[in-house]
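Right, one structure below, let's go through it.
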Amino acid sequence: MIKGMAYWLMKSEPDVFSIEHLRHKKVAGWDGVRNYQARNNLRAMRKGDFAFFYHSSTKSPAIAGLMEIVREAYPDPTAKDPGWDQVDVRFVKAFVRELSLHEIKRISALQKMVLLNNSRLSVQPVTPGEWKILMDRLDPQND
DNA sequence: GCCAACGTTGGC
DNA sequence: GCCAACGTTGGC
């Protein structure tokens with residue numbers, strides 16, 4: 001892990017925009033965020049940071065993929081009012097086996113994850129320790 | 001589809 | 001500045 005790098009988790013309903021959509025687009029603007037806390041997290045992202053792509057509001061919500069921040073916050077063109085930003089993300093991979101919310105809840109070292117304690121926040125930080133535990137499960141060959 | 005949790009709005 | 005009403009998110 002590179003020192004100073006930050007890690008994130010970003011939610012999207014797969015019916016609207018999924019990891020497979022991102023695979024095909026390769027790079028996409030992460031638009032539509034209309035929550036101040038989520039927006040502030042977007043603004044804290046730096047080029048080169050990594051983020052999990054989380055599928056929300058589905059039968060089995062889960063971490064589905066990995067992406068990289070390739071452009072830092074800039075105005076969201078889909079926002080009617082000023083003050084809302086987006087970042088650009090690049091597809092890195094879709095995990096062969098997703099890690100479901102149900103499984104995450106059963107990992108004792110992850111009980112403090114924002115995901116488990118502020119379930120409505122759509123853009124959230126992941127600590128380096130949490131990131132490693134998750135990556136070890138999601139991508140055991142790599143890393 | 002339901003509803004708990006949370007965020008926002010607006011009257012006072 | 002409080003808080004009731006309302007809207008949204010997201011797990012189930």
Side-chain angles (χ1 to χ4, degrees), chain A residues 1 5-143:
Chain A
M1 279 182 270
M5 176 181 291
Y7 301 93
W8 308 95
L9 181 147
M10 300 163 84
K11 297 181 181 179
S12 179
E13 297 186 29
D15 290 347
V16 179
F17 188 73
S18 72
I19 189 69
E20 292 307 317
H21 290 115
L22 182 60
R23 184 204 294 278
H24 289 109
K25 288 192 75 172
K26 295 184 171 61
V27 172
W30 199 272
D31 61 23
V33 170
R34 299 292 183 271
N35 168 283
Y36 291 112
Q37 205 180 339
R39 184 206 60 189
N40 291 344
N41 288 332
L42 285 179
R43 288 180 174 176
M45 291 178 175
R46 292 298 166 253
K47 205 171 160 181
D49 285 355
F50 284 108
F52 287 129
F53 194 126
Y54 179 89
H55 285 166
S56 66
S57 296
T58 176
K59 277 231 168 67
S60 183
I63 294 173
L66 178 63
M67 52 195 171
E68 180 189 0
I69 309 306
V70 292
R71 183 177 171 190
E72 297 179 7
Y74 63 100
D76 179 347
T78 70
K80 276 196 293 180
D81 304 316
W84 298 114
D85 288 353
Q86 66 178 16
V87 297
D88 284 355
V89 296
R90 177 182 70 83
F91 175 85
V92 176
K93 66 159 53 185
F95 294 114
V96 173
R97 190 182 165 285
E98 296 184 352
L99 189 64
S100 71
L101 178 63
H102 183 72
E103 292 170 284
I104 294 166
K105 281 181 173 172
R106 291 168 54 199
I107 301 171
S108 58
L110 298 181
Q111 294 308 303
K112 289 187 175 171
M113 272 195 80
V114 177
L115 185 69
L116 304 187
N117 296 286
N118 189 355
S119 65
R120 294 182 59 211
L121 186 61
S122 66
V123 178
Q124 55 184 256
V126 176
T127 70
E130 292 162 352
W131 185 270
K132 185 178 188 322
I133 290 165
L134 291 162
M135 282 299 285
D136 284 348
R137 303 237 179 182
L138 285 157
D139 206 18
Q141 314 306 332
N142 246 324
D143 224 25

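Here is how names work: the chains are called A, B, and so on, in the same order as the sequence lines, proteins then strands, and each is numbered from 1.
By the salt bridge (charged side-chain N to carboxylate O under 4.0 Å, His left out) test, A:D88 pairs with no residue at all, sequence neighbours left out. With sequence neighbours excluded, the residues satisfying ring-ring contact (aromatic ring centres under 6.0 Å, His included) with A:F52 are A:W131. For A:L110, the side-chain contact (heavy atoms from CB on, under 4.5 Å) test picks out A:I104, A:I107, A:M113, A:E130, A:I133, A:L134, with sequence neighbours left out. For A:R34, the side-chain contact (heavy atoms from CB on, under 4.5 Å) partners are A:D76, A:T78, A:A79, A:W84, not counting sequence neighbours. The salt bridge (charged side-chain N to carboxylate O under 4.0 Å, His left out) test applied to A:R120 returns no partner, not counting sequence neighbours.
Residue pairs meeting the side-chain hydrogen bond (donor to acceptor under 3.5 Å, both in side chains) criterion with at least one partner in residues 94-114 of chain A, sequence neighbours excluded, are A:R97-A:E103, A:S100-A:E103. Judged as a side-chain hydrogen bond (donor to acceptor under 3.5 Å, both in side chains), the pairs with a partner in residues 15-25 of chain A (not counting sequence neighbours) are, in order, A:S18-A:H21, A:E20-A:R23.
Between A:N41 and A:V33, the closest side-chain pair of non-hydrogen atoms is not below 4.5 Å.
Of all heavy-atom pairs between A:Q86 and A:L42, the closest is CA-CD1, 4.3 Å.
Of the residues in residues 28-45 of chain A, those with a non-hydrogen atom less than 4.0 angstrom from any atom of DNA chain B are A:N35, A:Y36, A:Q37. Within residues 55-65 of chain A, the residues having any heavy atom closer than 4.0 Å to DNA chain C are, in order of number, A:S56, A:S57, A:P61. Listed in residue order, the members of residues 94-108 of chain A having a heavy atom less than 4.0 Å from DNA chain C are A:L101, A:K105.
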When the side chains of residues 56-73 of chain A are checked against the rest of the protein, which donor-acceptor pairs come out under 3.5 Å, sequence neighbours left out?
unit_1	atom_1	unit_2	atom_2	d
A:E68	OE1	A:R90	NE	3.0
A:E68	OE1	A:R90	NH2	2.4
A:E72	OE2	A:K47	N	2.9

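For A:Y36, the OH atom counts as loosely surrounded, since its 6.0 Å shell holds 12 or fewer non-hydrogen atoms of other residues, nucleotides or ligands.
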What verdict does the side chain to side chain contact (heavy atoms under 4.5 Å, CB included) test give for A:M10 and A:Y54, after you've listed the backbone C-alpha separation in whole Å, the side-chain angles of each residue and the deciding distance to 0.1 Å? CA-CA 6 Å; A:M10 300 163 84; A:Y54 179 89; over 6 Å; no

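Put simply, chain A comes within 4.0 Å of DNA chain C, heavy atom to any atom, from C:dG7 to C:dC12, going 5' to 3'.
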